[in-house]
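Letters go in sequence order (proteins before strands), and every chain restarts at 1. The analysis underlying the following values was restricted to heavy atoms, covering all of them including side chains, and did not include hydrogens, waters or symmetry mates.
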Number of protein chains: 2
Amino acid sequence: MKKGLTEICYKFFNNLSNPTRLATLEKLMEKPMSVNELADALGQEQSMVSHNLKPLLQCNFVFIEKQGKKSIYSANQETVGTLFKAVEVHAEKYCPTGGKCLKEEN
Amino acid sequence: MKKGLTEICYKFFNNLSNPTRLATLEKLMEKPMSVNELADALGQEQSMVSHNLKPLLQCNFVFIEKQGKKSIYSANQETVGTLFKAVEVHAEKYCPTGGKCLKEEN
DNA sequence: ATTTCATATGAAATATAATTCATTTGAAGT
DNA sequence: ACTTCAAATGAATTATATTTCATATGAAAT
């Protein structure tokens with residue numbers, strides 16, 4: 001394993017370990033959206049979406065393109081797609097009950 | 001994207017977004033170890049290592065094999081290798097300065 | 001059955017992160 | 001210049017997660 005990767009991993013996974021940010025990425029994987037469109041789609045407040053977009057942008061999990069007053073965000077399909085796929089593969093093989101292994105009772 | 005994946009992603013990434021657990025995985029990727037060996041290798045207390053191994057085990061990021069008094073833990077090479085590799089690839093392409101984009105000042 | 005070694009657990013204390021609400025910035029139109 | 005719309009920011013509150021320390025469990029040896 002490459003030196004220093006653990007720190008980068010921490011920053012990255014930390015970034016991804018948040019329901020709002022994951023839901024944001026999920027939406028943006030479908031199509032690019034403005035902040036307010038995202039807020040609508042997620043049923044969240046604009047400021048919250050903004051706050052959560054910031055770290056995603058910083059790590060280049062999303063990209064931004066300004067159009068007049070609007071900021072159009074899009075997902076980094078390559079990275080996000082790869083990571084989500086890896087989780088899906090793992091879940092199918094190691095959590096065959098569909099997440100039963102993730103419940104509190106264990 | 002598969003339905004319900006966001007929740008699983010959350011649990012998984014949450015699990016991985018911890019320096020102790022990442023360092024643990026890094027060590028276990030090298031070779032299987034007992035809890036005390038891990039604690040030594042990491043310079044952490046045994047109870048802390050135990051606490052952190054629990055969620056890793058629950059998500060099958062690590063496996064356990066009991067040998068007498070000892071618990072030998074090993075990494076899920078497939079999953080952990082894939083995820084770390086994905087981060088490495090992303091970092092090389094999108095964080096060419098080696099994490100400068102991850103600093104606070106931005 | 002008692003002692004020792006290895007690990008796991010519980011609960012309190014501490015540290016971190018997320019959310020909300022009020023406010024600010026900035027771009028574009030009037 | 002003023003108003004409006006869109007997004008970003010700051011700071012306080014609230015919620016979560018981590019760490020520590022004391023203790024419990026469990027296996028094996030004496």
Side-chain angles (χ1 to χ4, degrees), chain A residues 6-7 9-28 31-59 61-75 102-106, chain B residues 6-7 9-28 32-59 61-74 102-106:
Chain A
T6 299
E7 279 171 59
C9 279
Y10 173 58
K11 183 85 179 194
F12 284 3
F13 289 134
N14 204 37
N15 203 336
L16 296 172
S17 78
N18 174 290
T20 304
R21 290 195 288 276
L22 285 171
T24 299
L25 289 174
E26 194 177 349
K27 288 290 176 195
L28 291 180
K31 66 172 199 287
M33 280 189 243
S34 71
V35 177
N36 276 320
E37 283 177 307
L38 263 174
D40 273 5
L42 296 171
Q44 302 281 315
E45 297 213 345
Q46 174 272 317
S47 71
M48 181 166 158
V49 174
S50 262
H51 276 300
N52 280 292
L53 279 167
K54 194 177 180 183
L56 289 175
L57 187 59
Q58 195 176 104
C59 284
F61 290 147
V62 302
F63 306 120
I64 189 173
E65 191 197 346
K66 304 222 169 180
Q67 288 185 359
K69 304 178 182 176
K70 297 191 179 179
S71 296
I72 307 297
Y73 284 86
S74 59
L102 305 177
K103 296 285 184 288
E104 300 311 318
E105 64 248 31
N106 295 308
Chain B
T6 298
E7 279 170 58
C9 280
Y10 172 57
K11 182 85 180 194
F12 284 4
F13 290 134
N14 205 35
N15 204 335
L16 295 172
S17 78
N18 174 290
T20 304
R21 290 195 288 278
L22 285 172
T24 298
L25 289 174
E26 194 177 348
K27 289 290 176 193
L28 290 180
M33 279 190 244
S34 71
V35 177
N36 277 320
E37 282 177 308
L38 264 174
D40 273 6
L42 296 170
Q44 304 275 232
E45 296 212 346
Q46 173 271 317
S47 71
M48 181 167 158
V49 174
S50 261
H51 275 302
N52 280 292
L53 280 166
K54 194 178 179 182
L56 290 174
L57 186 60
Q58 193 175 106
C59 283
F61 290 148
V62 302
F63 306 120
I64 190 174
E65 190 197 348
K66 303 222 169 181
Q67 289 185 0
K69 304 177 183 177
K70 297 191 178 179
S71 297
I72 308 298
Y73 283 86
S74 59
L102 305 177
K103 295 285 184 288
E104 301 310 318
E105 63 249 31
N106 293 309

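One can place CD of A/E65 at 16 Å from C1' of D/dA7, the figure rounded to the nearest angstrom. Atoms NE2 (A/H51) and P (D/dG10) sit 9 Å apart, rounded to a whole Å. Atoms CE (A/M33) and P (D/dA7) sit 12 Å apart, rounded to a whole Å. For A/K69 and D/dC5, the NZ to P distance is 7 Å, given to the nearest whole Å. The separation between A/E45 atom CD and D/dA6 atom P is 16 Å, rounded to whole Å. Between the CG atom of B/L56 and the P atom of D/dT18 there is a distance of 11 Å, given to the nearest Å. B/N14 places its CG atom 18 Å from the P atom of D/dA15, with the value rounded to the nearest Å.
Note that CG of B/L42 and CZ of B/R21 are 13.0 Å apart. Values are rounded to the nearest 0.5 Å. Separation of atoms CG (A/L25) and CG (A/L16) is listed at 6.5 Å; rounding is to 0.5 Å. To the nearest 0.5 Å, atom CG of residue B/N18 and atom SG of residue A/C9 are 12.5 Å apart. Rounded to the nearest 0.5 Å, atoms CZ (A/F61) and CG (A/L22) are 10.0 Å apart.
Along DNA chain C, the nucleotide nearest to B/S71 and the one nearest to A/S17 differ in position, and the one closer to the 5' end is contacted by B/S71. With the nearest nucleotide of DNA chain D identified for both A/S34 and B/N52, A/S34 has the one nearer the 5' end. When the nearest nucleotides of DNA chain C are assigned to A/S47 and A/G68 by heavy-atom distance, the more 5′-ward of the two goes with A/S47.
Counting non-hydrogen atoms under 4.0 angstrom, B/I64 reaches the backbone sugars and phosphates but no base. Contacts of B/S50 with the nucleic acid, taken as non-hydrogen atoms under 4.0 Å apart, include base atoms.
Residues B/F12 and A/F13 place their aromatic rings such that the two centres sit no closer than 6.0 Å.
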Item to check | Working for side-chain contact (heavy atoms from CB on, under 4.5 Å), residues A/T24 and A/V62 | outcome: CA-CA 10 Å; A/T24 299; A/V62 302; 5.6 Å; no
Item to check | Residue pair A/L53, A/L38: steps toward the side-chain contact (heavy atoms from CB on, under 4.5 Å) verdict | outcome: CA-CA 10 Å; A/L53 279 167; A/L38 263 174; 4.1 Å; yes
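Applying the side chain to side chain donor-acceptor pair (under 3.5 Å) test to pairs two or more places apart or on separate chains, those with a residue in residues 35-44 of chain B are B/S34-B/E37.
Remark: the A/Q46 side chain and the D/dA8 base include a donor-acceptor N/O pair separated by less than 3.5 Å.
The partner of D/dT30 is C/dA1, by the rule that a Watson-Crick or G-U pair needs both atom distances under 3.5 Å.
Remark: side-chain polar atoms of B/N15 are not paired, donor with acceptor, to backbone N or O of B/K11 under 3.5 angstrom. Under the 3.5 Å distance criterion, the side-chain polar atoms of B/S17 are matched with a main-chain donor or acceptor of B/N14.
Under 4.0 angstrom from either OP1 or OP2 of D/dT19 there lies at least one side-chain N or O belonging to B/T20. In this structure, B/N18 does not reach the D/dA17 phosphate: none of its side-chain N or O atoms is under 4.0 Å from OP1 or OP2.
Contact footprint of chain B on DNA chain C: nucleotides with an atom under 4.0 Å from a non-hydrogen protein atom, first to last in 5' to 3' order, C/dT4 to C/dA11.
Proximity of residues 35-43 of chain B to DNA chain D (heavy atom under 4.0 angstrom from any strand atom) is not detected for any residue.
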